[in-house]
Amino acid sequence: GDSVTQTEGQVALSEEDFLTIHCNYSASGYPALFWYVQYPGEGPQFLFRASRDKEKGSSRGFEATYDKGTTSFHLRKASVQESDSAVYYCALGRGSALGRLHFGAGTQLIVIP
Amino acid sequence: EAAVTQSPRNKVAVTGGKVTLSCNQTNNHNNMYWYRQDTGHGLRLIHYSYGAGSTEKGDIPDGYKASRPSQENFSLILELATPSQTSVYFCASGDAQFNERLFFGHGTKLSVL
């Protein structure tokens with residue numbers, strides 16, 4: 001079945017550091033890929049999505065590129081801020097049932113001022 | 001901004017008791033979802049609905065029922081609660097016209113003792 005793997009459980013960075021959170025997926029065909037962000041005490045919030053090979057999604061300075069060859073959708077940001085501290089989830093959805101998401105385990109980002 | 005409201009925010013239940021978690025959305029979205037969040041698992045889909053009167057099983061439906069009496073309301077029911085159902089539960093709404101971007105509530109923290 002479909003699955004999403006996030007290899008880092010936690011990432012700790014200093015402000016202005018470059019961020020990479022790795023996301024790999026296992027699925028046939030061309031699923032849609034998503035990033036969601038969750039701040040303490042809140043529900044996850046949609047960050048962006050991509051649906052086709054080589055498509056780039058972006059929002060709030062974060063970006064990720066759909067790569068079918070490496071089955072990856074890594075999240076990157078050039079310069080993180082303390083306010084970016086949160087849990088980031090990579091997720092996968094399909095066709096007409098895009099709301100039926102398969103989430104990764106999540107990566108907690110801690111940004112030290 | 002889309003709004004999804006969950007109640008209660010916190011719930012303590014006894015093993016074998018009945019628990020009902022409620023969700024209301026004012027987005028007029030057709031689709032609604034119940035997910036549970038556990039460390040190491042991310043979010044997993046329990047039940048979902050495509051409209052009033054419909055409910056469908058998600059990936060982990062055992063031990064849960066769902067009810068969608070209206071467009072706005074979607075409930076998750078634990079007829080016989082067990083300690084393994086201790087978790088944080090999130091309700092979400094979405095619609096095809098938004099490319100199924102999901103809008104989540106703030107969550108319900110359930111403890112089954």
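Quick note: numbers below take in every heavy atom, side chains included, and nothing from hydrogens, waters or symmetry partners.
Between the OH atom in B:Y35 and the CG atom in A:L101 there is a gap of 4.0 Å [rounded to 0.5 Å]. Taken from CZ in A:F46 to CZ in B:F104, the straight-line distance is 11.5 Å, to the nearest 0.5 Å. The CG atom of A:L47 lies 10.0 Å from the CZ atom of B:R101; values are rounded to the nearest 0.5 Å.
Ranking A:G104, A:G106, A:G1 against chain B, the residue ahead of the rest is A:G104, based on heavy-atom pairs under 4.5 Å.
The 12-atom threshold is not exceeded at CD of A:E16, counting heavy atoms of other residues, nucleotides or ligands nearer than 6.0 Å. Heavy-atom neighbours of A:K56 NZ from other residues, nucleotides or ligands within 6.0 Å: at or below the threshold of 12. The neighbour count for A:K68 NZ, taken as heavy atoms of other residues, nucleotides or ligands under 6.0 Å away, is above 12.
In this structure, B:G40 and A:A105 approach most closely via the heavy-atom pair O-CB, 3.6 Å. Shown here for A:R100 and B:Y50, the closest heavy-atom pair between the two residues is CD-OH, 4.0 Å.
At least one side-chain heavy atom of B:Q37 sits under 4.5 Å from a side-chain heavy atom of A:Q38. A:Y36 is listed as a side-chain neighbour of B:L102, based on a closest heavy-atom distance under 4.5 Å.
Both A:Y66 and A:L92 belong to a single network of hydrophobic side chains, linked directly or stepwise wherever heavy atoms of I, L, V, M, F, W or Y lie under 4.5 Å apart. Residue B:M32 is not grouped with residue B:F103 when hydrophobic side chains (ILVMFWY) are merged at heavy-atom distances under 4.5 angstrom, including chains of intermediate members. Each of B:I60 and B:L80 belongs to its own hydrophobic cluster when Ile, Leu, Val, Met, Phe, Trp and Tyr are linked at side-chain heavy-atom distances under 4.5 angstrom. The cluster map of Ile, Leu, Val, Met, Phe, Trp and Tyr, joined by side-chain heavy atoms under 4.5 Å apart, puts B:F90 and B:I77 in different clusters. Following chains of ILVMFWY side-chain contacts shorter than 4.5 Å, one cannot reach B:L43 starting from B:I46, and the two form parts of different hydrophobic clusters.
Contacts from residues 75-88 of chain A to chain B, taken as heavy-atom pairs separated by less than 4.5 Å, involve no residues at all.
Of the two parts of B:R9, only the side chain, counted from C-beta on, holds a non-hydrogen atom closer than 4.5 Å to a non-hydrogen atom of chain A. B:D38 does not touch chain A: none of its heavy atoms, backbone or side chain, sits under 4.5 Å away. Neither the backbone nor the side chain of A:Q6 comes within contact range of chain B; no heavy atom of the residue lies under 4.5 Å from a heavy atom of that chain.
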